[in-house]
Amino acid sequence: MSKVKNIAVLTSGGDAPGMNAAIRAIVRTGNYFQLNVYGVMYGYRGLINGEIMKMDSRSVANIIQRGGTILKTARCKEFFGYEGRQRAYEQLKKYQIDGLIVIGGDGTFKGALTFSKEFDIPCIGLPGTIDKDIDGTDFTIGFDTAVNTAVRAIDKIRDTAEAHDRLFIVEVMGRDAGYIALHSGIATGAEHVLLPERPTKIQDIINELQANERRKKLVNIIVVAEGDESGGANEVARAIKEQLPHFDTRVCILGHIQRGGSPTCMDRVIASRLGYAAVQALMEGKHHNCMIGIVNNQLHYTPLEKAVKARQGIDPEWFQMIRILAS
Ligand SMILES: Nc1ncnc2c1ncn2[C@@H]1O[C@H](COP(=O)(O)OP(=O)(O)OP(=O)(O)O)[C@@H](O)[C@H]1O
Ligand SMILES: O=P(O)(O)OC[C@H]1O[C@](O)(CO)[C@@H](O)[C@@H]1O
Ligand SMILES: [Mg+2]
């Protein structure tokens, strides 16, 4: 018999499509096993301020297909301080909550780790971020939707680039990670992909653009991750225009459209599996203070201290492939 009776769930950091599917899975699994499930509004801010409500199966009806998060989200400065976390703990005590599920990125997990150590509250993390920048999981809730949104947008940009023989520099999200850029760039046949994981050599790109011009290849798409050290699409455009002023160059920053929208099937399935597993982990008293991810299609449990920002080395072969396939 599970000792856990009352659990809470919150979403924190940037929203990600599929968070609602995870909330739904948590509430329905919890209710099925006769737990009380509380939803905390606005992430850690709502925990500190006591914006907590009981949820039941009907309160999560018709949300699996919706982007955003019905619990809303926030980035909360007070939670960085002990006093804020103590206030949060008092709220959990008030509702007799004995397990907390946090859905967010690496920052959210750092907060949960400190909180669980200080106040002995079991926490489970679920990776919810479009950036896919977390160790211990092959996928994060939201990445697949975001990257598909970027692909659809870049396909449209290519149409107009083709019509005008233009160079387009498209900036995609990814604060410190280039996964959205890498995958959307490959999937749209981009000529270049610039990522924070690899130093950008603008001069090499300029040389290749000139070589393309000589062989009458006049349409070029460069996908830049916002976190690339070159400073983003505007900076790349400025550097290129200095040497190639005759190129008809445009910049498009995709921005937050990548965070919204109905989650893909893949994100809904990942979120449902992870939400279901999170409740089971709390009930079984196993894997406390772990993030649950998916590795090789199996659930994978990573201690929160190791569920940190991932910066994978990207094999240089990928970049060679991008150049060959775009030639
Ligand atoms: N070191 C920390 N100690 C306590 N709380 C933290 C810490 N780091 C982050 N948090 C809490 O987690 C919140 C979310 O973190 P952050 O803004 O880094 O987003 P994230 O979870 O990494 O998601 P994403 O990067 O996808 O937007 C912070 O606003 C803060 O409340
Ligand atoms: O919406 P905000 O708070 O400006 O955050 C933007 C950041 O969040 C992310 O979308 C991740 O959630 C990053 O790709 C981006 O740098
Ligand atoms: Mg983060």
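For ligands, and for the atoms within them, numbers begin at 1 and follow the listed sequence.
Looking only at distances, a side-chain donor or acceptor of Arg28 sits under 3.5 Å from a matching main-chain atom of Ser57. Formation of a donor-acceptor pair under 3.5 Å by the Asp106 side chain with backbone atoms of Ala307 is not found in this model. Gln258 contributes no side-chain N or O that, together with a main-chain N or O of Val147, makes up a donor-acceptor pair within less than 3.5 Å.
Residue Gly105 places at least one N or O, backbone or side chain, under 3.5 Å from an N or O of ligand 1. Annotation: Gly104 places no N or O atom under 3.5 Å from an N or O atom of ligand 1; distance criterion only. Considering backbone and side-chain N/O atoms, Arg85 never comes within less than 3.5 Å of an N/O atom of ligand 1. In terms of N/O distances under 3.5 Å, ligand 1 is not approached by Phe80. When only interatomic distances are considered, the shortest N/O to N/O separation between Met173 and ligand 2 does not fall below 3.5 Å. Ligand 1 has no N or O atom lying under 3.5 Å from any N or O atom of Lys110, backbone or side chain. Note: no N/O pair closer than 3.5 Å links Lys77 and ligand 1 by distance alone.
Counting heavy atoms from C-beta on, the side chains of Leu299 and Leu274 come closer than 4.5 Å. In this structure, Leu167 and Arg250 have side chains that are not in contact, with every pair of non-hydrogen atoms separated by 4.5 Å or more. Looking at heavy atoms from C-beta onward, Asp131 lies out of side-chain contact with Tyr179 at the 4.5 angstrom threshold.
A salt bridge does not link Arg323 with Glu191: every distance from a Lys NZ or Arg NE/NH1/NH2 to an Asp or Glu carboxylate oxygen is 4.0 Å or more. Looking at Glu78 and Arg87, no side-chain N of the basic residue comes within less than 4.0 Å of a carboxylate O on the acidic one, giving no salt bridge. Using a cut-off of 4.0 Å between Lys/Arg side-chain N and Asp/Glu carboxylate O, Lys93 and Glu90 are scored as not salt-bridged.
Listed by atom number, the atoms of ligand 1 under 4.0 Å from Ser12 heavy atoms are 12 (O), 13 (C), 14 (C). Each of the atoms 12 (O) of ligand 2 lies under 4.0 Å from some heavy atom of Gly14. Set against the non-hydrogen atoms of Gly174, the atoms of ligand 2 under 4.0 Å away are 14 (O).
For atom 8 (O) of ligand 2, the nearest non-hydrogen atom of the protein is Arg259 NH1, 3.1 Å. Summary of contacts: the protein heavy atom closest to atom 15 (C) of ligand 2 is Glu226 OE2, 3.0 Å. The single protein non-hydrogen atom nearest to atom 25 (O) of ligand 1 is Arg175 NH2, 2.8 Å, given as residue, atom name and distance. Among protein heavy atoms, atom 2 (P) of ligand 2 sits closest to Arg75 NH2, 3.6 Å. Among protein heavy atoms, the minimum distance from atom 1 (O) of ligand 2 is reached at His256 NE2, 2.7 Å. In terms of protein heavy-atom proximity, atom 16 (P) of ligand 1 is closest to Arg75 NH1, 3.6 Å. Atom 21 (O) of ligand 1 has Thr108 OG1, 2.5 Å as its closest protein atom, hydrogens excluded (heavy atom only). Atom 31 (O) of ligand 1 has as its closest protein heavy atom Cys76 O, 2.7 Å.
In this structure, Gly13 does not count as a contact residue of ligand 2, since none of its heavy atoms falls inside 4.0 Å of the ligand. By the 4.0 Å heavy-atom criterion, Asp131 is excluded from the residues contacting ligand 1. Put simply, no part of Gln258 is less than 4.0 Å from ligand 2, judged by heavy atoms.
Looking at Asp106, Thr129, Leu113 and measuring to atom 26 (O) of ligand 1, the nearest heavy atom belongs to Thr129. Nearest to atom 11 (C) of ligand 2 by heavy atom, out of Asp176, Asp131, Asp133, Ile180, is Asp131. The residue among Gly107, Gly14, Pro127 with a heavy atom at the shortest distance from atom 12 (O) of ligand 1 is Gly107.
Applying the ring pair (Phe, Tyr, Trp, His ring centres under 6.0 Å) test between Tyr89 and each of Phe79, Tyr44, Phe119, Tyr95 identifies Phe119 as the sole match.
Contacts between Arg45 and ligand 1, counted as non-hydrogen atom pairs separated by less than 4.0 Å, are absent for every part of the residue. Residue contacts with ligand 1, taken as heavy atom pairs separated by less than 4.0 Å, involve Tyr44 solely via side-chain atoms from C-beta onward. Contacts between Asp15 and ligand 2, counted as non-hydrogen atom pairs separated by less than 4.0 Å, are absent for every part of the residue.
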Evaluation steps, side-chain contact (heavy atoms from CB on, under 4.5 Å), between Ile64 and Asn20
CA-CA 6 Å; Ile64 194 168; Asn20 281 327; over 6 Å; no
Show your reasoning for whether ring-ring contact (aromatic ring centres under 6.0 Å, His included) applies to His192 and Phe319.
CA-CA 8 Å; His192 297 279; Phe319 295 94; over 10 Å; no
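For Asn207 and Gln203, the side-chain atoms include at least one donor-acceptor pair closer than 3.5 Å.
Taking both residues in full, the closest heavy atoms of Pro263 and Thr145 are given as CA-OG1, 3.3 Å, listed atom of the first, atom of the second, then distance.
Atom CG of Asp159 sits in a crowded spot, with more than 12 heavy atoms from other residues, nucleotides or ligands closer than 6.0 Å.
Among the backbone and side-chain atoms of Asp133, no N/O/S atom is found under 2.8 Å from the Mg ion (ligand 3).
Note that Arg273 lies outside the cation-pi zone of Tyr276, set by a 6.0 Å cut-off to the ring centre and a 45° limit from the axis.
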